[in-house]
Amino acid sequence: MTFIQTLRDVKKLVFGGTKGTETINIADIKIGKQHPAYIIAEIGINHNGDIDIAKRLIDAAFEAGCQAVKFQKRTIAKVYSESELAKPREVNEEVLKNAVKRNVLSPEAVSRLEKSNYKESTNGDLKYALEFTLDEYNELKKYADERNIHLFASPWDIESVDVLESFGVPVHKIASASLTDDELLRRVRKTGKPIILSTGMSTLEEVEHAVEVLGTEDLILLHTISTYPAEDRNINLSLIPTLRSLYPTVPIGYSGHESGIAISVAATTLGAHVIERHVTLDKSMYGSDQKASIEPRELKDLVLGIRAIESAFGDGIKRVLDEEVPIREKLRRVP
């Protein structure tokens, strides 16, 4: 197969084939081939348990022109074992002090931390510090609603689905790590909400099984590589048209963990209907995901780049533009 043939096949997938991509609704926004890409700023845990940082990141997403922000939601005691939570771990002192102030740590943990001048911290201290309470999520949801931007999260367990449902998220996101958790998939499907499924660290057979469990109705699949940051040579953007071919009625998107924004913008040219990127106020901040994130200025450039690509797509019909006529009359050598 020649490069030109391959390019034609890709264009057929992007601009229309025998089966067009189905349009689905996330609240008031339509997603599919005929609509602008749905751009998600993933805040994740980059807020470090600080609601003011979370609000500043929501502001950054709103100002950049994103349609949504996404968090992560875990029931810590369900997701992690006691031995995992008890492991010593150096944690930023300000994160710990803020967790104590928010009253999200156990009395034992608070006593241990204060007696050790915040030196004897554990993995569990960090995990609990990074979880927002229901009251805090309600506050953040109201804050996002006031800016007309969607707020949702990736639930990592059944109880977290219930929490997210309690404050009315418009969609649920299944993280790549949860793709093989059939119980969680079925619980999320029972909500009746649209589902975004990330496919990182998964075989094609695992993806097919997850889609079989969920069904294709109101489903969005995201191609992603689960390394942080991901190296360009491993991104394999060609999987976007592959997934479009396998699931022609399912909107396909891209969740990027690479450095910079060029690859995420390029995903739009391959027909990605959803683009998700981690966002941070500053890549030098404390936290495991900060370096694989983009800052507010980059987020703005990402949205501008995607919208420019969408504007430039056109309809594929060759014509002489009205703006070309005077140039044609001036420069054309032979009528």
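Below, all heavy atoms of this structure are taken into account, side chains as well, without hydrogens, waters or symmetry copies. Owing to the predicted nature of the structure, the values given are computational and were not obtained by experimental measurement.
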How long is the span from the OG atom in Ser106 to the CG atom in Leu85, to the nearest 0.5 Å?
10.5 Å
Counterpart residues, side chain to side chain donor-acceptor pair (under 3.5 Å), relative to Thr280 (two or more places apart)
Gln290
Are Asp28 and His150 close enough that a side-chain donor and a side-chain acceptor fall under 3.5 Å?
yes
CD1-CD1 distance between Ile26 and Ile31, expressed to the nearest 0.5 angstrom:
3.5 Å
With ring centroids as reference points, do His257 and His278 lie under 6.0 angstrom apart?
yes
Show me the side-chain donor-acceptor pairs of residues 212-226 shorter than 3.5 Å, one per line, residues at least two apart or across chains.
{"unit_1": "His223", "atom_1": "NE2", "unit_2": "Ile235", "atom_2": "O", "d": "2.8"}
{"unit_1": "His223", "atom_1": "NE2", "unit_2": "Asn236", "atom_2": "O", "d": "3.2"}
{"unit_1": "Thr224", "atom_1": "OG1", "unit_2": "Ser255", "atom_2": "O", "d": "2.7"}

State which residues pass side chain to side chain donor-acceptor pair (under 3.5 Å) with Ser311; sequence neighbours excluded, sorted by chain then number.
none
Not counting sequence neighbours, which residues clear salt bridge (charged side-chain N to carboxylate O under 4.0 Å, His left out) with Asp135? List them please.
none
Using the side chain to side chain contact (heavy atoms under 4.5 Å, CB included) rule, take Leu302 and Leu299 through it: C-alpha gap first, then chi angles, then the decisive distance, then the call.
CA-CA 5 Å; Leu302 172 69; Leu299 185 62; 4.2 Å; yes
Side chain to side chain donor-acceptor pair (under 3.5 Å) between Ser293 and Asn46, intermediate numbers included:
CA-CA 9 Å; Ser293 304; Asn46 283 349; 2.9 Å; yes
Working to the nearest 0.5 angstrom, can you tell me the gap between Asp157 CG and Thr75 OG1?
3.5 Å
Among pairs that include at least one residue of residues 164-179, which meet side-chain hydrogen bond (donor to acceptor under 3.5 Å, both in side chains), considering only residues two or more places apart or in two chains?
Glu165-His172, Glu165-Lys193, Lys173-Ser198, Lys173-Glu276
Under the rule for salt bridge (charged side-chain N to carboxylate O under 4.0 Å, His left out), what residues qualify as partners of Lys97, not counting sequence neighbours?
Glu93
Hey, what else clusters with Leu321 if you join Ile, Leu, Val, Met, Phe, Trp, Tyr whenever side-chain heavy atoms sit under 4.5 Å?
none
Quick one: salt bridge (charged side-chain N to carboxylate O under 4.0 Å, His left out) pairs with a partner in residues 60-88, sequence neighbours left out?
Glu42-Lys70, Lys73-Glu131, Lys78-Glu159, Glu84-Lys87
Under the salt bridge (charged side-chain N to carboxylate O under 4.0 Å, His left out) definition, can you give me all pairs with a residue in residues 318-327, not counting sequence neighbours?
Asp315-Arg319
Residue list, side chain to side chain donor-acceptor pair (under 3.5 Å) with Lys55, at least two apart or on another chain:
Glu139
Using residues 325-335 as the side-chain source, report each donor-acceptor pair under 3.5 Å to any protein atom, sequence neighbours left out, with the distance given to one decimal.
none

For Arg187, what residues pass the side chain to side chain donor-acceptor pair (under 3.5 Å) criterion, not counting sequence neighbours?
Asp162
Pair Leu113, Leu105 - check side chain to side chain contact (heavy atoms under 4.5 Å, CB included), show working.
CA-CA 10 Å; Leu113 290 169; Leu105 301 181; 3.7 Å; yes
